[in-house]
Chemist: 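Attaching a single structure in structure tokens format; questions to follow.
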Amino acid sequence: MKKNITIAIDGPAAAGKSTVAKAIAKKFNFLYIDTGAMYRAYTYYVLKKGINPKNEAESIKLISEINIVLLNDGRVLVNEEDVTKAIREINVSSFVSYIASYKDVRLALVSLQRKMAENTSVIMDGRDIGTYVLPNADVKIFMIASKEERAKRRYLENIDKHISCTYEDILFDVQERDRIDSSRAFCPLKAAEDSIQVDTSSMSIQEVVDYVSKIIIEKTHIKL
Ligand code: DC
């Protein structure tokens with residue numbers, strides 16, 4: 001039987017992980033799992049319920065009533081509501097790192113992520129995929145870029161999606177999230193020891209996709 005392949009892509013906010021992971025998923029016919037979207041969906045629901053996301057005890061009470069679904073076409077559902085666009089808004093972005101720091105939320109979402117990766121080849125992006133979610137991944141990439149470049153890319157992406165924002169707000173958000181994501185106690189943003197670092201600051205998306213594809217082929221001997 002053919003072995004399923006698992007690819008972990010980690011790195012700080014807006015380093016290009018999801019764009020690259022989506023393109024690779026399409027190229028190799030892997031399932032793409034956007035774990036950040038799951039933490040964002042949880043945050044959206046906390047805000048919708050009128051709960052302060054900085055309140056851990058209140059926020060984790062929702063674990064049993066929240067059902068997050070990632071559809072194959074990229075849509076994200078929370079209790080059947082389509083939140084695909086809403087989870088990219090700046091209010092969700094600015095609170096998501098608090099929600100992602102709660103151990104109980106992480107354990108619930110990690111269990112879902114591992115289940116999704118059980119019987120198929122996957123490329124999963126996030127912060128703790130190589131270190132915690134899929135420690136035996138065949139390939140681990142840690143993607144970085146300068147904070148200015150990351151903020152510029154995310155700003156242009158939002159404008160393209162008609163999500164209102166300013167470059168300054170995005171730069172602040174990206175730095176704040178990196179600070180909180182890297183300093184949390186449980187599963188912080190960190191490169192796995194056996195990961196390959198890719199600095200995308202001066203690379204085009206296509207260059208990164210080609211580079212990472214080459215690594216995947218070398219490491220897994222997969223045929224296109
Ligand atoms: O990848 P993203 O920007 O959509 O992720 C949103 C937030 O979720 C990010 O600030 C940190 C958190 N996150 C996490 O803690 N662990 C993951 N595996 C994925 C995301």
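Count residues from 1 along the sequence. All ligand and atom numbering here is 1-based and tracks the order in the structure.
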Chemist: Got a salt bridge between Arg127 and Asp10, using NZ or NE/NH1/NH2 to carboxylate O under 4.0 Å?
Modeler: no
Chemist: Hey, what's the ring geometry for Tyr98 with Phe95, parallel, tilted or perpendicular (30° and 60° as the breaks)?
Modeler: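 Geometry flag for Phe95 against Tyr98: tilted rings.
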Chemist: Members other than Val69 in its cluster, when Ile, Leu, Val, Met, Phe, Trp, Tyr link by side-chain heavy atoms under 4.5 Å?
Modeler: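 Joined to Val69, directly or through intermediates: Leu71, Leu77.
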Chemist: Does Phe186 form a ring pair (Phe, Tyr, Trp, His ring centres under 6.0 Å) with Tyr132? I'd like the steps, not just the answer.
Modeler: CA-CA 10 Å; Phe186 186 62; Tyr132 187 76; 5.4 Å; yes
Chemist: For Asp34, give me all partners under salt bridge (charged side-chain N to carboxylate O under 4.0 Å, His left out), at least two apart in sequence or on another chain.
Modeler: Arg88
Chemist: Write down, by chain and number, every protein residue that brings a non-hydrogen atom to less than 4.0 Å from an atom of ligand 1.
Modeler: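 Lining ligand 1 at under 4.0 Å, by heavy atoms, one finds Thr35, Gly36, Tyr39, Arg40, Arg88, Val96, Ser97, Ala100, Arg106, Gly126, Arg127, Asp128, Ile129, Arg177, Asp181, Arg184.
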Chemist: Could you tell me which residues satisfy salt bridge (charged side-chain N to carboxylate O under 4.0 Å, His left out) with Glu58, sequence neighbours excluded, listed by chain and number?
Modeler: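 Glu58 satisfies salt bridge (charged side-chain N to carboxylate O under 4.0 Å, His left out) with Lys61 only.
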